[in-house]
Amino acid sequence: MPSIEDELFPSTPGKFKIDRSNRQLNRCFASTSTMFLWALFLIALTASYLSFQSFVDSGSRYLTASWGGIQWEKQVRTSAQIHRSGGISVLVTGATGFVGSHVSLALRKRGDGVVGLDNFNNYYDPSLKRARMSLLSSRGIFVVEGDLNDAKLLSKLFDVVAFTHVMHLAAQAGVRYALENPQSYVHSNIAGLVNLLETCKAANPQPAIVWASSSSVYGLNEKAPFSESDRTDQPASLYAATKKAGEEITHTYNHIYGLAITGLRFFTVYGPWGRPDMAYFSFTRNILQGKPITIYRGKNRVDLARDFTFIDDIVKGCLGSLDSSGKSTGSGGKKRGAAPYRIFNLGNTSPVTVPILVDILEKHLKVKAKRNFVEMPGNGDVPFTHANISSARREFGYKPTTDLETGLKKFVRWYLSYYGYNTKAKLEQ
Ligand SMILES: O=C(O)[C@H]1O[C@H](OP(=O)(O)OP(=O)(O)OC[C@H]2O[C@@H](n3ccc(=O)[nH]c3=O)[C@H](O)[C@@H]2O)[C@H](O)[C@@H](O)[C@H]1O
């Protein structure tokens, strides 16, 4: 026969320690008082569940970020105001990211309205994102703290402002991090993207969307340079696969709902205020600290190469894409006619090997790197990238003008100043 305790906790054998002494004496008392306690417990549980539900229903926003209210709406509206004739009003997602912050500043500089959105995640040092945000704030750009997956927040933003464009740059970046945290790529690059598209589809008027795809979609493609019409069905990393999926997903929204969409395949963007997880940035940090750097090599000791593209050139490409995006045609979630669907490479057209990148850094930093060559691990890397940019040139006059030598010089100058290096003192150590 099971004891009373066993009946109360039948599914948790061994989990609760029960005092089995004085059994006879306690049994009667235990059965009434325990039942009473359990009744109380169940009532409390039901009450707290109901109040939790109503809390969730009344706005999931309270559980994540703080937004909303008259003052907040005023800040959003003011930031979105256009200050030039023929200007646009842009929601920039990932606004405190590397590319997002530069694009936001460039838009604001020419008089466009800009509202930023960013979740300030800690994929890399969030203090760098906060510093970029301060820069944006000093130029009158308001950044909303929130996640792409927060549907209520996104639709609220479109209630407050009739954005003409969305510059979608929020993403889980990085090729190799996908081995560590695959779900974050699905969360941002797939689920977040769909959430944003759902909001844009329902908005009235619908905005035109320009978003960041990636050179990595060319994957194991061997034909060079890479053209937009080349095959992109052999991704080498989950990151690449989610960007490729993004291209298919955006095509669907263009096809069904008439959203004007432009996807930009960025080629290894670098420059001041860059991403600390990228090779040129982490190499700089290690070289200055006297630590070794790991340089991957391909099969037969072939050096890896990238079509490194300077941030200012990418910004010009983003603005050119926004200006030539065409209009979405849908309203009330229904398509009224065909809308543009475009994909462009934004690269530099002159690949440079990683060891040469290190040579240039050594020259600007005036410090020798401790090079540690390692055979390329199976981590999602591809041997080389090389953009054909003739489509972007034709469509909106895209023409990169900064070579790696010049661009890295600007990066190093920024790095030394941002991280407080007294150049002479530190470098002579
Ligand atoms: O074009 C893109 O779409 C992508 O560009 C960027 O990816 P990648 O081209 O891989 O840049 P990055 O990491 O700087 O590695 C550069 C080179 O250094 C090599 N590399 C890297 C690290 C290291 O420790 N050693 C090394 O040799 C490495 O093997 C590679 O050959 C963005 O991060 C990505 O988010 C995406 O936007």
Side-chain angles (χ1 to χ4, degrees), residues 94 97-100 123-124 168-181 184-185 188-189 211-219 221 225-226 232 235-244 246-247 263-271 274-287 291-299 301-311 313-314 317-318 343-349 351-361 369-387 389 400 404 407-408 411:
F98 172 33
V99 180
Y123 167 60
Y124 61 79
H168 175 46
L169 298 166
Q172 177 57 61
V175 172
R176 289 163 289 279
Y177 181 63
L179 299 178
E180 272 173 61
N181 189 356
S184 65
Y185 290 79
S188 297
N189 304 358
W211 74 285
S213 181
S214 160
S215 72
S216 64
V217 299
Y218 292 107
N221 202 8
F226 302 160
T232 51
S237 65
L238 182 65
Y239 170 71
T242 59
K243 286 295 182 181
K244 173 63 181 166
E247 292 188 355
L264 301 175
R265 293 176 179 165
F266 293 158
F267 281 68
T268 315
V269 190
Y270 72 98
R275 269 174 39 210
D277 62 312
M278 290 182 68
Y280 72 96
F281 202 118
S282 62
F283 286 174
T284 299
R285 188 176 51 227
N286 281 12
I287 292 171
K291 292 182 184 163
I293 58 171
T294 303
I295 300 176
Y296 301 133
R297 261 195 181 142
K299 274 191 203 127
R301 314 184 88 199
V302 172
D303 290 330
L304 305 184
R306 288 289 179 275
D307 198 1
F308 296 102
T309 309
F310 190 60
I311 183 66
D313 290 322
I314 289 291
C318 290
I343 291 196
F344 297 111
N345 287 340
L346 290 188
N348 195 45
T349 68
V352 176
T353 66
V354 178
I356 290 179
L357 165 99
V358 177
D359 291 346
I360 300 172
L361 284 176
K370 293 176 182 153
R371 303 179 190 219
N372 181 18
F373 287 93
V374 167
E375 197 182 320
M376 186 169 80
N379 58 9
D381 262 323
V382 292
F384 75 100
T385 62
H386 184 182
I389 55 161
L404 190 60
L408 282 180
F411 165 72

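Source: prediction; values computed, not measured. When a ligand or atom number is given, it counts from 1 through the structure's own listing order.
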- Message: Within ligand 1, which atoms have a heavy atom of Phe267 less than 4.0 Å away?
- Response: 1 (O)
- Run the numbers on Thr232 and Asn221 for side-chain contact (heavy atoms from CB on, under 4.5 Å), then give the verdict. CA-CA 7 Å; Thr232 51; Asn221 202 8; over 6 Å; no
- Message: Under a 4.0 angstrom heavy-atom cut-off, which atoms of ligand 1 come close to Ser214?
- Response: 2 (C), 3 (O)
- Name all residues meeting the salt bridge (charged side-chain N to carboxylate O under 4.0 Å, His left out) criterion together with Asp381; count only those two or more places apart in sequence or in a different chain, and write none if there are none. Arg176, Arg306
- Just which atoms of ligand 1 are under 4.0 Å from any heavy atom in Ala173? 35 (O)
- Closest non-hydrogen atom pair between Phe98 and Gly271, with its separation: CZ-N, 3.5 Å
- Item | Option set Arg371, Met278, Met376, criterion heavy-atom distance to atom 6 (C) of ligand 1, minimum | Met278
- Message: Under 4.0 Å from a heavy atom of Ser216: which atoms of ligand 1 are those, numbered in the order shown and with their elements?
- Response: 3 (O)
- Task: Could you tell me if any non-hydrogen atom of Arg176 lies under 4.0 Å from any atom of ligand 1?
- Result: yes
- Note on the structure: Checking heavy-atom distances from atom 5 (O) of ligand 1 to each of Val358, Thr268, Leu264, Asn286, the winner is Thr268
- Heavy-atom proximity to atom 24 (O) of ligand 1, picking from Thr294, Leu357, Leu346, Thr385, points to Thr294
- Item | For atom 20 (N) of ligand 1, the protein heavy atom that lies nearest, with its residue and separation | Tyr296 CD1, 3.6 Å
- Would you mind finding which of Val382, Leu304, Val175 brings a heavy atom closest to atom 7 (O) of ligand 1? Val175
- Item | Whether Tyr239 lies under 4.0 Å from ligand 1, heavy atom | yes
- Task: Could you tell me if any non-hydrogen atom of Phe283 lies under 4.0 Å from any atom of ligand 1?
- Result: yes
- Task: Can you sort out which atoms of ligand 1 are near Ile295, meaning under 4.0 Å from one of its heavy atoms?
- Result: 27 (O)
- Message: Aromatic contact between Phe411 and Tyr280, with the criterion being ring centroids under 6.0 Å apart: yes or no?
- Response: yes
- Nearest neighbour in protein (non-hydrogen) for atom 29 (O) of ligand 1: Asp381 OD2, 2.9 Å
- Between Tyr218 and Phe384, is the ring centre distance below 6.0 Å? no
- Item | Proximal ligand 1 atoms for Arg275, defined as those under 4.0 Å from one of its heavy atoms | 32 (C), 33 (O), 35 (O)
